[in-house]
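Order of listing sets the numbers, starting from 1, for every ligand and every atom in it.
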Amino acid sequence: MVAFLCFGLAAGAQVQVRIHETAKDQPVIPADIYGQFSEHLGRCIYEGIWVGPDSSIPNEDGYRTDVLNALRELKVPVMRWPGGCFADDYHWMDGIGPMSERPKILNSNWGGTLEDNSFGTHEFLNLCEKLGIEPYISGNVGSGTVEEMSKWIEYMTAQSGSMAELRQKNGRQEPWHVKFFGIGNEAWGCGGNMTADYYADVYKRYVTYCHDYTGNTLYKIASGASDYDYNWTKTLMQKAGKQMAGISLHYYTVLNWEDKGSAINFTDEEYYNIVAKSVEIDQVLKNHEAIMDAYDPQRRVGLLLDEWGTWFNVEPGTNPGHLFQQNSMRDAMVAAMCLNIFNGHTSRLKMANIAQVVNVLQSMILTDGPKMILTPTYHVFRMYNVHQNATFVPTEYKAGEIVSANGRIMSDLSISTSSKDGKFHVSIANPSLDKAQKITLNFDELKPSSVSGEILKSKKITDHNEFDKAPAVAPVAFNGYKLAKGTITVEVPAASVIVLKIR
Ligand code: AHR
């Protein structure tokens, strides 16, 4: 049986890439598509971010120092919290006031783990302030009331009134700045098992009482579809499109929910199957965008991919409810190719939040008690942060194709360019496991005078970073390019991710 097929250019042929830096009126890539998601799930919040001020793990006011520093480096633009499914089980008043008096609840979505509520509204919003991250709060529709949601917004953002007084009594004088507010999560599933029609009415009722206080303007987000559920987007846009600033979408790379496969032990065939499934997001986005265009041709309503990433079986011996998975060079390839895709969708796509930032699914960071490692996915996000708030530059090229064993067709090259402050950044991903590619970058008019770059690549595609070992996957300086006569020729190794800086 053929595991996968590649239809590329003849051996030795060069891929001609044309970068249209003279193209006018191109969108700015919103930093928020490089966003993160933090959920009260497994060891994401507790141990992953929050260890408490009395912990022996070095911390700043209870936030672990190593993770804070890694997040600073990443330039996280926005972070979603407290869920996920947890959000529709979360009652925010449990998470304010003296920590010793906060109720202990069972996290029934995620392994029945005891949740002591020591990380609540103050702890999350103060973290965002500390790191300059835009907070994205996910409100409880499934098991909460309109009054509860409305008072939460007042507590966080009002200058005066009894909710502001309660906040002040709990130690925070001034309101926080909160921009993004989600009205429920996965309303079709763990957020209440509603139909699209029913949720559209519920959404309108809840959103009516999500008020703007003290000059704080909320960007109100409706709970959107999963994957290929285009009817959900259509119904919401039709019935409630005028009352929302944005609608969400969730897309996880999973091939079989019964057995999602291992994060680190996989065959080449499984590698291609996963990467091909992940880049299918391109078509899924196009389909949702086309529906939104029909109801909102001005593109006022944003599409927010507020959960995405790979989802594999949990690591052997870990709590099945905690969704802890390792992260390999395959995950890095998924991240690189998806981020290149997102850069091209930003006339509608305004945010994306990979799930989740620490210790859950396709994480940036893994911890083991006091130890911490950066994942291959982290390195891609760090290398790609140059695209945040840069101007999109259309980039044309004709690549070959890879047909995965599960019948998906993907390009054997993925390239995206942006410009900022007189510099161009070109991110290049070569998903082929055995074919290096030679590419030539040509600009419309620019005659580049300098190039530098970084590359992420490992010996084996299953390589991953482990505690107490030297990193197997980490970026290094890249010098596999030649600058001559105004063009740049780049040797792109198989299974590598490169970001070039060009002037
Ligand atoms: O990311 C894990 C879960 O996946 C989230 O809590 C939920 O929204 C989604 O189903």
Side-chain angles (χ1 to χ4, degrees), residues 35-46 48-49 78-90 105-113 115 119 124 136-144 180-194 196 199 203 221-229 232 246-258 260 263 277-278 281 284 303-315 318-327 331 334-335 338 351-366 375 377:
Q36 297 291 333
F37 171 35
S38 58
E39 178 163 11
H40 288 243
L41 195 179
R43 294 178 297 116
C44 180
I45 299 292
Y46 301 109
I49 295 174
V78 61
M79 181 120 73
R80 181 169 179 250
W81 175 84
C85 294
F86 181 79
D88 282 287
D89 245 341
Y90 184 61
I105 60 162
L106 296 178
N107 188 336
S108 40
N109 279 290
W110 303 119
T113 307
E115 160 68 62
F119 190 93
F124 176 67
Y136 172 3
I137 303 282
S138 218
N140 180 348
V141 168
S143 70
F180 297 106
F181 197 88
I183 296 35
N185 167 73
E186 297 195 348
W188 40 265
C190 63
N193 280 305
M194 302 177 217
Y199 171 69
Y203 170 82
I221 302 156
S223 167
S226 170
D227 310 299
Y228 314 93
D229 185 357
W232 186 278
I247 184 167
S248 68
L249 172 68
H250 290 178
Y251 184 88
Y252 282 105
T253 300
V254 180
L255 291 171
N256 173 6
W257 284 97
E258 302 307 310
K260 299 186 267 317
K277 162 76 181 173
S278 74
I281 184 68
V284 172
L303 180 60
L304 292 89
L305 181 64
D306 62 16
E307 288 184 31
W308 72 278
T310 55
W311 189 330
F312 299 115
N313 292 336
V314 298
E315 290 307 313
T318 65
N319 186 327
H322 287 186
L323 311 187
F324 175 72
Q325 67 188 43
Q326 249 290 2
N327 194 290
D331 295 274
V334 166
C338 288
M351 189 192 292
N353 311 72
I354 191 165
Q356 279 94 350
V357 63
V358 194
N359 289 335
V360 179
L361 302 183
Q362 193 176 351
S363 297
M364 306 294 117
I365 296 167
L366 302 178
T375 66
T377 301

Carboxylate-amine/guanidinium proximity below 4.0 Å for Glu307 and Arg80: yes

For ligand 1, the portion of Trp110 having any non-hydrogen atom under 4.0 Å away: side chain

Ligand-side contact atoms (ligand 1) for residue partner Asn185, heavy atom cut-off under 4.0 Å: 8 (O)

Shortest non-hydrogen separation from Trp308 to Ala352 and the atoms involved: NE1-CB, 3.7 Å

Part of Asn109 with heavy atoms under 4.0 Å of ligand 1, whether side chain, backbone, both or neither: neither

cation_pi(Arg43, Phe324) dist<6.0 Å, angle<=45: yes

With Trp81, the ring pair (Phe, Tyr, Trp, His ring centres under 6.0 Å) member among Phe86, Tyr90, Tyr136, Phe37: Tyr90

N or O contact, Cys85 vs ligand 1, cut-off under 3.5 Å: yes

Phe86, portion touching ligand 1 at heavy-atom distance under 4.0 Å: neither

Numbered atoms and elements of ligand 1 in range of Glu186, under 4.0 angstrom, heavy atoms: 7 (C), 8 (O), 9 (C), 10 (O)

Evaluation steps, side-chain hydrogen bond (donor to acceptor under 3.5 Å, both in side chains), between Asp89 and Asn140: CA-CA 7 Å; Asp89 245 341; Asn140 180 348; over 6 Å; no

Ligand 1 to His250 polar contact by distance, N or O atoms, under 3.5 Å: no

Gly84 neighbourhood, listing ligand 1 atoms whose heavy-atom distance to it stays under 4.0 Å: 5 (C), 6 (O), 8 (O)

Under-4.0 Å heavy-atom contact with ligand 1, by part of Leu361 that carries it: side chain

Aromatic ring pairing Tyr252/Trp257, orientation class (parallel under 30°, perpendicular over 60°, tilted between): perpendicular

Any donor-acceptor pair under 3.5 Å from Thr113 side chain to Asn107 backbone: no

Sub-4.0 Å atoms of ligand 1 with respect to non-hydrogen atoms of Gln356: 1 (O), 2 (C)

